[in-house]
Every structure is written in C-alpha cells, then in structure tokens.
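Please read the structure below before turning to the comments.
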Number of protein chains: 2
Amino acid sequence: MQSFTEENYLKIIYHLSLNTESAVQTNAIAERIQTKAASVTDMIKKLADKKLVDYKKYQGVKLTESGKNAAINIVRRHRLWEVFLVEKLNFKWDEVHDIAEELEHIKSPELIERLDEFLAFPRNDPHGDPIPDKNGKLDNTVFIKLSKLKTGDKGLIMGVSEHSSVFLQHLEKIGLTLGKQIRITEITDFDGSVELSIENKQINVSREVAKSILIKI
Amino acid sequence: MQSFTEENYLKIIYHLSLNTESAVQTNAIAERIQTKAASVTDMIKKLADKKLVDYKKYQGVKLTESGKNAAINIVRRHRLWEVFLVEKLNFKWDEVHDIAEELEHIKSPELIERLDEFLAFPRNDPHGDPIPDKNGKLDNTVFIKLSKLKTGDKGLIMGVSEHSSVFLQHLEKIGLTLGKQIRITEITDFDGSVELSIENKQINVSREVAKSILIKI
DNA sequence: ATATTTTTTTAGATTTGTCTAAACTTATAG
DNA sequence: CTATAAGTTTAGACAAATCTAAAAAAATAT
C-alpha cells in the first residue's frame, strides 16, 4: 500500500505519460507536483525500489504494470468522487477538483465499489473524462477537439482537455456544458475562431477555447 | 489548520474528557492512540504551543476553548460521514468506523455543510451519538442505560455506549437496532440480566449488554 | 569539438512524528 | 515517612519527505 505522497507521484507520472511515448522527466514531475527536482529524484528512487516505476539515472521514469494499476485506481477514485460532489452535493464542475484531490486517497476498496454503485456506475466524470472500471479498464472512445470540426458539422459536448477554474467558469457562462448539442455555423479563417449554434443561440468561441472542448460526432 | 495527526490527538483528548472533570492523562492518550507515552508528551507540547490544550508538566491536559471547537468539528465530520456510509452506501453500523476515521480529516468546510444538507441534517449517527451542528452545538438529550430501567418500563433504543464490531454485530443478530421500541418484562436479581419484549418477541440480554444500550423513555 | 546551458543527481540539513532508555515526579503501601 | 511502584518527561536517535547548494551528466550552440 502506498503513502499519500507516493500516490500523488504515481498519479502525476500517469497523467504525464499520456502525452508521450517516452519516459517522464524529473523536472516535468517537479513542476506539476509543486516541488524541487531533488525531491523528485528521491521519491523516484523509492518508487523504483517498490517496482512501481522503471528508472535509469538521467533517463526519467516509466510506470511499471503495477505502478500503472495503482495510478489508474487513484484516477478512478478521483473521478468517482467528482461525480458524487457534482451530482449529489450540487457542487459546480469547477469547484470539485481540490476536494476530490483529498478524497481520492481514502483507501477502502469496498467504499469505492459502493460509491460506484450508488452513482449508478458513471462512465465519465463531470469534465467528460472517462472513469476506469474496477478492473482498471478505460473506455477508449476518443473525442475530437471542437477546433478540428468543419462548418456544418454537428456534435455533442463530451468533455474538456483544460481543467482550470477560469476556463470552466467561462464555459458555464456562455452555456457550453456537458451533453449539449452544437453545430458549427462558421469558422473565421484568419484567427480560427468558431461560430456555433447551441440551443438556438449563436455564440462565438476563440480557437484557444475550441481546442479545449471535446466533441462526439 | 491542524495536521491529520494533531486532529487525531484532539479527538481522543475530547473523548477522554467526556468521562471526567479532571485533566486527561498522558498514558490514557497513549493507549487510545496506539503509541508510546513519550510520543504523547511530544505532541502535547506542540498542541500547547498552538493553544489548543492547557498543559502543566505531570498534570495531564485539558482542551482549551479553541481546542474543543476543533475537536467537536472533527466529531461532526466523523458522524456525518458515518450517516452517509450507512444511509446512502448501505454499510452496516459496525463497518463504518474505520472508513469515517479517514474521511473525517477531509478539510473543506463547504463539503461538510453540503453533506449535512444532502443527509437532511441528521441529529444522530448510526450508533445514536449526537451530531454537533455547524456551530458546534450538541443536542444535550441524555439517554438512560437499559440496565437502569425497572420491570415494566418502556422505551426506544437510541444508541450504544460501546462501539466494537463484535458488540454491534451481536445487537444486530438479536434484533436490537436503533429506533426500536422495547419493554422490560423481568430483571433477574442474581446476575442482573434483563428480559425484554421487542416486536412481540421475548429476548434476554446480559447485564453487560444492558449497560451499553441507551434508551429514551 | 569544445563551451555553454539545461537537466539531473548527490550530499547534507530540516521538519514532523515516532521510538527506546534513562531520569525524574507523583502516588501508594507498608 | 520512607520505599516501591506507577506515570511522565527528557535526551538522543530514526524514518519520511522535503530543501539548498554543489557536482555531474546530457543536450545544445558555436
């Protein structure tokens, strides 16, 4: 069983691994986890001793099979708690991350199975991210960035790839929330901004925003 | 804001204070918290520096006003989570203590207010213990031990003063659960065991058991 | 190919919470 | 009222996770 801190490292390494085939760098971890590179090196050695990561000096780390399992479990717990906070306690989607960050470390497996059942086995968290099932299996449906669509394309908002409060509050304000149907009405050539219709209203989003919204066609 | 460990000490000191007017002894804390007296002395000094306890060498500790507030807050969180686990996730009353022990340290006050609301502001936890309100106020209804009743007395089972799994499972098995109506039909003089009728059945409980069941007449 | 910059690691210190062993206080028994 | 026992504290050490400063390796630039 891992400590609170070890779990945080595993989770961060897992998230950083998703963007790359190659090993995760010490500095990248340090930045994400708000600590110094030297501390990361120390922890990496500890995780390597426990066979949770493969590590060669100066070469960064990769999760082992068992490290990956542990990480996915943490992600599962985090996302289930986010669903609970939004669906049952009426938190907004931009308010839940920090609380889930604490709740994810509660260890009882029985608790998580029952929570999953209580929430009716949700497949996605409030940001559209998939929730691993109890065997660690992830729904591998891949969504398309709104910025990749063409004029006339229709789709459903399924998630976001940027999780900051400012961004989520902005989406909330302009009405771009999970599950809504959209249709692209125009794409401005020179700045890539997108005009779309949603619930019979026309709104305009910048290319920056469009890149962070995930769509199912 | 206190650490996980400091919170545990405050909680234990609070519980031990309930049984006595005088200061709580180092050894008593050590026994409850599964640690050594020397460690307790160290932590007590830290809590005293933070003005959470009053401490004079060799004289034990008492919670200060602010220490007591902190402790009551932890108790509130613990008991609310116990209600959640039993009412919403269908845990049995003897299964929830350890999980609530972890959940009670999640810090967000907003979370607790919303949880309280979600549970419809329960007044008691699954063992009948009162839940402090958000101002720390405790319902001061005092219940009577079943062992104090006389033949013919009627009452409702409101709680238990012993929380071990074995005991709770035993009560569950013989049907003595929260909220049920009972009537004393006979008290055996020589061993103090109590015969009572509950839901038209006659059952017999030892004096030991009777002392740990709390009744509202 | 060498110099410079970036990244990573090491060495040694610090903090938090714990421990053992010994010393000290207070309580209890004769 | 002294001797012994019980309870508590101190001193010094340890493990976990962190840090700073300096050394070492790898990447980049001239």
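Letters A, B, ... mirror the listed sequences (proteins, then strands); counts begin at 1.
Atom CE of M43(A) and atom C1' of dA15(D) are 12 Å apart (whole Å). We find that CD1 of I44(A) is positioned 18 Å from P of dA16(D), with the value rounded to whole Å. Distance CG (D42(A)) to C1' (dA15(D)): 13 Å, rounded to an integer number of Å.
Take E87(A) and apply the salt bridge (charged side-chain N to carboxylate O under 4.0 Å, His left out) test, not counting sequence neighbours, and it matches no residue. Considering only residues two or more places apart in sequence or on other chains, T188(A) meets the side-chain hydrogen bond (donor to acceptor under 3.5 Å, both in side chains) condition with S193(A). Checked against ring pair (Phe, Tyr, Trp, His ring centres under 6.0 Å), F84(B) has the following partners two or more places apart in sequence or in another chain: F84(A), W81(B). Residues passing the side-chain hydrogen bond (donor to acceptor under 3.5 Å, both in side chains) test with R76(A), sequence neighbours excluded: E113(A), D116(A).
Pairs of residues two or more places apart, or lying in two chains, that qualify as salt bridge (Lys or Arg N to Asp or Glu O under 4.0 Å) and include a residue from residues 206-217 of chain A are E208(A)-K211(A). Pairs engaging residues 124-140 of chain A under the salt bridge (Lys or Arg N to Asp or Glu O under 4.0 Å) rule: R79(A)-D125(A), R123(A)-D139(A) [sequence neighbours left out]. For residues 102-142 of chain A, every residue pair satisfying the ring-ring contact (aromatic ring centres under 6.0 Å, His included) rule, not counting sequence neighbours, is listed here: F4(A)-H105(A), H127(A)-H163(A). Listed by first then second residue, pairs satisfying salt bridge (Lys or Arg N to Asp or Glu O under 4.0 Å) with a partner in residues 2-31 of chain A read E6(A)-K46(A), E6(A)-K50(A), E7(A)-R77(A), E7(A)-K107(A), K11(A)-E101(A), K11(A)-E104(A), not counting sequence neighbours.
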Which pairs, protein N/O on one side and nucleotides 20-27 of chain C N/O on the other, fall under 3.5 Å?
residue : atom : partner : partner atom : Å
dT20(C) : OP2  : K36(B)  : NZ           : 3.4

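A donor-acceptor contact shorter than 3.5 Å is absent between the side chain of S212(A) and the backbone of E162(A). Side-chain atoms of W93(A) never come within 3.5 Å of backbone atoms of V86(A) as a donor-acceptor pair (strictly under, hydrogens ignored).
Annotation: the span from I215(B) atom CD1 to L156(B) atom CG amounts to 8.0 Å, rounded to 0.5 Å.
Looking at E110(B) and F91(A), their side chains come closer than 4.5 Å, going by heavy atoms from C-beta outward. Between P130(B) and L138(B) the shortest side-chain heavy-atom distance falls below 4.5 Å.
Contacts between residues 98-108 of chain B and DNA chain C, defined by a heavy-atom separation under 4.0 Å, are absent. DNA chain C lies under 4.0 Å from no heavy atom of any residue of residues 18-34 of chain B. Taking every heavy atom of residues 1-13 of chain A and every atom of DNA chain C, no pair lies under 4.0 Å.
In this structure, of dT9(D), dT10(C), dT10(D), it is dT10(C) that holds the atom nearest to the side chain of T41(A).
Put simply, Y55(B) has a side-chain N or O that comes within less than 4.0 Å of OP1 or OP2 on dT9(D).
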